[in-house]
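Read the structure below first, then the notes.
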Amino acid sequence: MTEHDPAMQPFAVLVGTWTTEATHPMLDGVAPGSTTFEWLDGERFLIQRSHHDHEKIPDAISVIGPPEEGDGLVQEYFDERGVRRTYGISLEDGVLRSWRDHPGFDQRYEATLADEGFVGLSQLAREPGDWHDDLKVVYRRAG
C-alpha cells in the first residue's frame with residue numbers, strides 16, 4: 001500500500017493533545033486526564049493514547065486504520081488491564097462512531113466533533129438493544 005487511505009483523512013481533525021474530563025456511573029465526581037492522537041509515519045494509521053487520573057479508568061492505547069481483511073475501518077484497543085478489543089469505527093460528517101457487538105457486552109460510542117472540544121458518550125448493552133450510558137468524556141484541545 002503506497003497511497004494514503006482516503007477513509008483516514010477525516011481523522012486528521014483529531015490529531016493533537018486533548019485534556020479530558022471523564023464521568024462514569026460507578027464513579028463519584030470527574031476524573032481529569034488527557035488523550036493524544038498522532039499519525040504513525042505514513043499517515044495510514046492513527047494512534048490514540050489516553051490516561052485518566054483515576055484507578056478505575058485504565059490507561060489505553062488504540063490504533064485506528066483499515067482492517068487486515070474486509071472493508072471499513074477498525075479501532076484496535078488495548079489497556080493496562082490486558083484487555084484487547086476490536087471495534088468498527090467511522091468518522092462521517094463530523095460524527096465519530098465506534099461499535100462492538102459482543103454477546104452480553106455490546107458497546108457503542110458517538111461524538112460530534114468540533115475544533116476546540118467535543119463530548120464522547122460510550123454506551124453498553126448487556127441484553128440486545130438495552131443500552132445504558134457508560135463512560136462520558138469531555139475533550140478540550142490543549143494549548
From CG (L113) to CG (L96), nearest 0.5 Å:
5.5 Å
So, for I57 and A31, which heavy atoms are closest and what is the spacing to 0.1 Å?
CD1-CB, 3.9 Å
Rounded at 0.5 Å granularity, tell me how far CG in L46 sits from CG in L73.
10.5 Å
Smallest heavy-atom separation, V137 atom then A22 atom, equals CG2-CB, 4.0 Å
Below 4.0 angstrom, N of the basic side chain to O of the carboxylate: do R85 and E76 qualify?
no
For the residue pair W18 and A114, what are the closest heavy atoms and their distance?
CH2-O, 4.0 Å
Consider only side-chain heavy atoms of I, L, V, M, F, W and Y, link residues closer than 4.5 Å, and tell whether L40 and F78 are in one cluster.
yes
Backbone N or O of R140 within a donor-acceptor pair of the T19 side chain at under 3.5 Å?
yes
Between atom CZ of R126 and atom CZ of F105, what is the distance when rounded to the nearest 0.5 Å?
5.5 Å
From the list I61, D59, T35, side-chain contact (heavy atoms from CB on, under 4.5 Å) with R49 holds only for I61
W39 CH2 to I64 CD1 distance, which is reported to the nearest 0.5 Å
8.5 Å
In Å and rounded to the nearest 0.5 Å, what is the CG to NE2 distance from L124 to H102?
11.0 Å
For Y87 and W99, what are the C-alpha separation, side-chain angles and deciding distance, and is it a side-chain contact (heavy atoms from CB on, under 4.5 Å)?
CA-CA 5 Å; Y87 297 86; W99 58 92; 6.0 Å; no
Do other residues, nucleotides or ligands put more than 12 heavy atoms under 6.0 Å from the CD atom of E80?
yes
H52 side chain vs H54 backbone, donor-acceptor pair below 3.5 Å:
no
Over 60° means perpendicular and under 30° means parallel, so classify the ring planes of F118 and Y139, tilted if in between.
parallel
Any salt bridge between R97 and E92, counting N to O under 4.0 Å?
no
Please determine whether side-chain contact (heavy atoms from CB on, under 4.5 Å) holds for the pair D53 and H51, giving the CA-CA distance in whole Å, both sets of side-chain angles, and the decisive distance to 0.1 Å.
CA-CA 7 Å; D53 295 331; H51 167 78; 2.7 Å; yes
Do side-chain atoms of R141 reach the backbone of D115 as a donor and acceptor pair under 3.5 angstrom?
yes
Please walk me through it: do Y77 and R84 pass side-chain contact (heavy atoms from CB on, under 4.5 Å)?
CA-CA 5 Å; Y77 169 92; R84 181 197 193 284; over 6 Å; no
Say whether Q48 and Q75, considering side chains only, have a donor N or O and an acceptor N or O under 3.5 Å apart.
yes
Looking at every heavy atom in both F45 and P66, which two are closest together, and how far apart are they?
CE2-CD, 3.8 Å
In plain terms, say whether E21 and K136 are close enough for a salt bridge, that is, a side-chain N and a carboxylate O under 4.0 Å apart.
no
Spacing of CG belonging to L121 relative to CD belonging to E110, to within rounding of 0.5 Å
8.5 Å
Any donor-acceptor N or O pair under 3.5 Å, side chains D134, Q123
no
Minimum-distance pair of heavy atoms, taken over all atoms of D106 and P103:
OD1-N, 4.0 Å
Please report the shortest heavy-atom distance between F11 and I89, naming the atom on each side.
CE2-CD1, 4.1 Å
Over 12 foreign heavy atoms within 6.0 Å of CG, D93
no
Is the side chain of T20 donor-acceptor paired with the backbone N or O of S34 at a distance under 3.5 Å, no angle test?
yes
Does one hydrophobic cluster hold both L135 and L27, with members joined at side-chain heavy-atom distances below 4.5 Å?
yes
